[in-house]
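First comes the structure, then the notes that go with it.
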Amino acid sequence: MRSDRRLVERAQQGDGEAFNELVRQWEKPIYNFILRTIGGNRDESMDLCQDVFLKAYSQLRSLKDLDRFQPWLYRIAHN
């Protein structure tokens, strides 16, 4: 499995498949985090999870410490 750092690096350079791989890796953990946070509404959790990845995609170039992708993604989900 590729490291997040390398995938983030490639995604920041415009590689859509690298970002898709990040989504595949992190979609379930982020969805479960949101589900627990908002109290178990599955449909709303899925919508919010999609919002998290849209925001992450649009802000990915602002991530300076590529080794901090996971906490950065969870921060987006939390906010």
Side-chain angles (χ1 to χ4, degrees):
M1 177 156 56
R2 297 181 187 122
S3 74
D4 287 348
R5 179 185 178 82
R6 181 66 185 129
L7 289 170
V8 170
E9 201 172 61
R10 288 179 38 215
Q12 284 181 329
Q13 295 169 358
D15 184 341
E17 185 52 41
F19 187 77
N20 289 340
E21 181 64 27
L22 288 166
V23 171
R24 284 189 289 274
Q25 284 181 207
W26 288 105
E27 183 175 30
K28 190 170 184 174
I30 293 296
Y31 168 79
N32 287 329
F33 171 75
I34 293 169
L35 186 65
R36 286 189 311 273
T37 301
I38 68 167
N41 184 319
R42 293 178 185 270
D43 291 334
E44 187 175 353
S45 296
M46 185 55 72
D47 289 344
L48 291 171
C49 186
Q50 290 174 353
D51 290 347
V52 166
F53 286 102
L54 287 172
K55 175 98 175 182
Y57 183 77
S58 71
Q59 299 296 317
L60 192 60
R61 291 184 189 263
S62 71
L63 178 62
K64 302 299 182 208
D65 185 350
L66 304 186
D67 293 321
R68 304 280 304 157
F69 177 74
Q70 178 185 1
W72 179 76
L73 190 61
Y74 273 92
R75 175 60 60 193
I76 292 171
H78 181 298
N79 290 338

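The distance from the CG atom of Asp67 to the CH2 atom of Trp72 is 14.0 Å, given to the nearest 0.5 Å. To the nearest 0.5 Å, atoms CD1 (Ile76) and OG (Ser58) are separated by 7.5 Å.
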Decide side-chain contact (heavy atoms from CB on, under 4.5 Å) for Val52 and Leu48; before the verdict, give the C-alpha distance in whole Å, the side-chain angles of both, and the deciding distance to 0.1 Å.
CA-CA 6 Å; Val52 166; Leu48 291 171; 5.5 Å; no
Derivation of the side-chain hydrogen bond (donor to acceptor under 3.5 Å, both in side chains) call for Gln70 and Asp4:
CA-CA 8 Å; Gln70 178 185 1; Asp4 287 348; over 6 Å; no
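In terms of heavy-atom proximity, Trp26 sits nearest to Leu73 at CB-CD2, 3.6 Å. When every heavy atom of Ala77 is checked against every heavy atom of Ile30, the shortest pair comes out as CB-CG2, 4.2 Å. Across all non-hydrogen atoms, the minimal contact from Leu63 to Arg68 is CD1-O, 4.4 Å. Considering all non-hydrogen atoms of both residues, Pro29 and Tyr74 come closest at CB-OH, 3.3 Å. In plain terms, the two heavy atoms of Ile38 and Asn41 that are nearest each other are CD1-O, 3.8 Å. Closest of all the heavy-atom pairs between Ala18 and Ala11 is CB-N, 3.8 Å.
Ile34 and Tyr57 fall within the same hydrophobic cluster, defined by Ile, Leu, Val, Met, Phe, Trp and Tyr side-chain heavy atoms under 4.5 Å apart, directly or through other members.
Judged by distance alone, the side chain of Glu27 and the main-chain N or O of Phe53 form no donor-acceptor pair under 3.5 Å.
Side chains of Asp51 and Lys55 form no contact here, defined as non-hydrogen atoms less than 4.5 Å apart. Side-chain atoms of Phe69 and Arg5, non-hydrogen and from C-beta on, never get closer than 4.5 Å to each other.
For Arg42, the CZ atom is loosely surrounded, since the number of other residues' heavy atoms within 6.0 Å does not exceed 12. No more than 12 heavy-atom neighbours from other residues, nucleotides or ligands sit within 6.0 angstrom of CG on Asp43.
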